[in-house]
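Some notes on the structure that comes next.
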Amino acid sequence: MPVAVRFQASLDRLIAHNDRDVRLQAARCASHLPGALGVARMRELADDADAEVRLEALDALGRHGARAGLQTLRRAFADDVDLRCRRAALQGLIRLEDRSIVPALRRLVRNPDAFIYEQSPQTQALRQALCCEAVDALGRLGDESVIEDLLGLLDRHVSSLLDDAVIRALAKLGEPGTAALDRLAHTSTPERARRAVEVLAEAADGAQVEALALFLGHKDGTVRVAAAQALVRLAPCHSALLRRASDPDASVRALVARHSGPTMPTVLKLLLDDKTATVVAAALRAISDMPPAVRSDDLALQVRCKLRHADPEVACAAAITLAALDPDAALPELAGRLADADAPLALRITAARTLATLGTAPAFAKLVEHVFVAEPSLRRGVMEALVELGAREDSGPVRAFLLELLGTASVPDTAPRGLAEESRRYTSTAGTTGAAIVPADIRADIASLLASWPHDGVAATLVQVVRTATEEPVLRLAAALALAQTVERLQAASAEAIAAAEVLLQADDARLRLAAMRILLVGAPDVAGEAVESRLNDADPSVRALAIRWLGNGQLPLSTHLMACLERGLDDANVSVRLAAVAALVQRRGAAALDAVVESIVRHGDEAVPLAARTLATLPSELVHEALAKRLALAANRKRQLALLRLSDAVLMAHTPLAAA
């Protein structure tokens, strides 16, 4: 007997179950049966007395897309007493492109109350959803004869959802629908006009672009903004858009500023003096993208003036733009903004990051002066700028400085003058006195930032910090995590890194143990087995899960002991550990692990079921379906039946169709 038929036989017994939940779950599983087998079963269930079962069946008939289900769907759409079932039937008919329902759809949009029997506050949302889907279906299946029905619906009902559905349906009706949209946009409310513009833009060709340009003269600002946004995407150099540089709405002027660019430098100069900050910032960003050939000295002068603008967004944009126009002039200006304690924090951080883009020794010196500022956000911004600068191939001194700053507790002798005083002032503020030291929080910031640095020396410095920072937990953790990332990126670890990881494996902090595992598994896989096995009983589930995943990855020889270790994870109290055990056993034993894995999933019956089902779906479908069918046939306990049905449902969705069996 084919597997699919045996599966259906098992489900048939449960579909007739007296427990509603079991019947419904069995119907969901049956909905995945293949081809004619599934369609026949769903046609039967579409007449079930339980609306939930009918709903599953009708939804499945639509998913199957079989013409054999057409009559069943038509009957349910016309007559079912449950609104949800009628909606599911309509969705199936739309998928099957059944044009015979167009007259019924037209009657529905003309008078929804006559079509929908049940009228109550509880069904209001469903009624509206059904109307919207009927409108969408008319756009897909109808012709120009349905246009007046759609427009009439807008006159009778006020609903943003219906508005959107009608507008989108009109857009699907070709040229007649586009003409109706154009008429609607010019005669209706600004909100409808704006939505009509957006829909026109989504389906735009040359004709729609010209229609959109007309809306730039609309009396409502939101409509003009929508039209401008559409033109920016479709025709950024359209003359109608560029003429809106003096539009009364700032959003339109900002769009013009951002997209006029090198083609209209005169417009940009004009917009630099706009009274609205967002417009000026947009113009500055456009100027920074201009090619050198069209830049001018007076333009650079205007940009420098904006560095002292009262709005932080404008000042930040000016800093970035000046660096692009005139790097030499930008250095003192940016350094001044960075040092200005009264300047907005966003501007100071932008100045730091822009200094890094200059890539010069003076820029490096200015950044280093602010390594020890007390403001955490600014300090982090400066650090990120230094790391970005140090990543450049020609920035050896920056790299040397940062690594020395990370690896020692004192300010390097090579640091720019005055840094020691800055360090003392910072640490004194933080409650520490003494020599010019580098505080642990700053070194932790550096460690985390350097984890992705593509240069030599990082790993060795991180190992040094991991070993020495035993009394500074924040710094040690940051260095350990960064070292794990570095080892994984390089796919190699030094003997010193491995030794440090072996020490971390005994740490109290689970995050340190997890980092140690990551280092060992990548850097010393040939000797990591014993260390990994020792973590199978770790107090932290993340560590246990990582240990199981590694034991199952195939690097160790398959043995009875190894299988016992993995099988212990199937009954772990933590879901993630059980999932790791399921995946590891399937990877190592394949179909031989099927019984143990299925029993574990069914026994626990929790949120792991869908995820575990994806793992089972990697096994040959016939074996998995056979195992589930046998268990379904024998299951007598309600809890076990439901668990098996949920697993079967998830497996059938994840697998290739049962027709393959």
Side-chain angles (χ1 to χ4, degrees), residues 451 477 480-489 491 493 498 500-590 592-619 643 646-647 650-651 654:
L477 176 60
L481 294 174
L483 180 59
Q485 292 178 51
T486 302
V487 168
E488 288 169 343
R489 178 170 50 81
Q491 287 296 294
I498 293 169
E502 290 172 342
V503 173
L504 290 177
L505 206 57
Q506 310 305 320
D508 292 335
D509 190 326
R511 294 169 297 178
L512 289 175
R513 299 197 300 276
L514 197 59
M517 290 272 287
R518 290 165 57 190
I519 294 168
L520 289 172
L521 298 184
V522 173
D526 52 333
V527 297
E530 184 177 340
V532 171
E533 190 176 328
S534 71
R535 294 296 104 197
L536 287 172
N537 296 317
D538 195 279
D540 188 90
S542 298
V543 179
R544 297 199 302 275
L546 180 59
I548 287 176
R549 282 197 298 272
W550 188 82
L551 288 173
N553 70 5
Q555 296 202 40
L556 294 180
L558 196 61
S559 66
T560 303
H561 174 68
L562 178 60
M563 289 304 102
C565 290
L566 295 178
E567 287 176 356
R568 284 209 311 271
L570 291 175
D571 286 318
D572 196 278
N574 184 269
V575 172
S576 63
V577 178
R578 291 201 299 276
L579 283 171
V582 167
L585 280 165
V586 169
Q587 184 174 351
R588 295 308 303 268
R589 296 190 64 199
L594 188 59
D595 286 341
V597 166
V598 169
E599 284 305 312
S600 171
I601 299 170
V602 172
R603 185 164 56 251
H604 292 283
D606 53 23
E607 66 270 27
V609 166
L611 297 171
R614 292 179 204 157
T615 301
L616 285 181
T618 63
L619 295 173
R646 280 196 294 269
L647 178 59
V651 168

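For reference, positions follow the sequence shown, starting with 1.
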Discussion item. Please list all pairs meeting salt bridge (Lys or Arg N to Asp or Glu O under 4.0 Å) that have one or both residues in residues 502-514, counting only residues at least two apart or in different chains.
Written reply: D509-R511, R513-D538

Worksheet entry | Atom of A545, atom of A580 and distance for their closest heavy-atom approach | O-CB, 3.8 Å

Worksheet item: Atom CD1 of I519 and atom CG of L483: how far apart are they, to the nearest 0.5 Å?
Response: 4.0 Å

Fill in: Heavy-atom pair with the smallest gap, counting every atom of A531 and L505
CB-CD2, 3.6 Å

Discussion item. Looking at R588 and L551, would you say the former's side chain and the latter's main chain have a donor-acceptor pair under 3.5 Å?
Written reply: yes

Worksheet item: Which residues satisfy the side chain to side chain donor-acceptor pair (under 3.5 Å) test with S576, sequence neighbours excluded?
Response: N574

Worksheet item: Which heavy-atom pair separates L521 from P525 by the least distance, and what is that distance?
Response: O-CB, 3.5 Å

Fill in: L520 vs V532 side-chain heavy atoms within contact, under 4.5 Å
no

Worksheet item: How far does CG of L477 sit from CG of L504, to the nearest 0.5 angstrom?
Response: 9.5 Å

Worksheet entry | Pairing residues for D571 by the side chain to side chain donor-acceptor pair (under 3.5 Å) criterion, not counting sequence neighbours | R603, H604

Worksheet item: Can you tell me how far CD1 of I601 sits from CG of L616, rounded to the nearest 0.5 angstrom?
Response: 4.5 Å

Practice prompt. Rounded to the nearest 0.5 Å, what's the gap from CZ on R544 to CG on L514? Could you check?
Written response: 12.0 Å

Response to the item:
Sorted by chain and number, sequence neighbours left out, side chain to side chain donor-acceptor pair (under 3.5 Å) with E533 holds for H561

Discussion item. Any side-chain to backbone donor/acceptor pair from S600 onto V597? Under 3.5 Å, distance only.
Written reply: no

Worksheet entry | Closest approach of A515 to L481 (non-hydrogen atoms, all atoms of both residues) | CB-CD2, 4.1 Å

Practice prompt. Please indicate whether E530 has more than 12 foreign heavy atoms, meaning atoms of other residues, nucleotides or ligands, lying under 6.0 Å from its CD.
Written response: no

Worksheet item: Which pairs count as salt bridge (Lys or Arg N to Asp or Glu O under 4.0 Å) when at least one residue sits in residues 555-567, sequence neighbours excluded?
Response: E567-R589

Worksheet entry | Contact summary for L566 and G552, nearest pair of heavy atoms | CD2-N, 4.3 Å

Worksheet, complete the sentence: Value for CG (L585) from CE (M563), rounded to nearest 0.5 Å, stands at 6.0 Å

Worksheet item: What heavy-atom pair brings L512 and A480 nearest, and what distance separates the two atoms?
Response: CD2-CB, 3.6 Å

Worksheet item: Partners of R518 by side chain to side chain donor-acceptor pair (under 3.5 Å), sequence neighbours excluded?
Response: E488

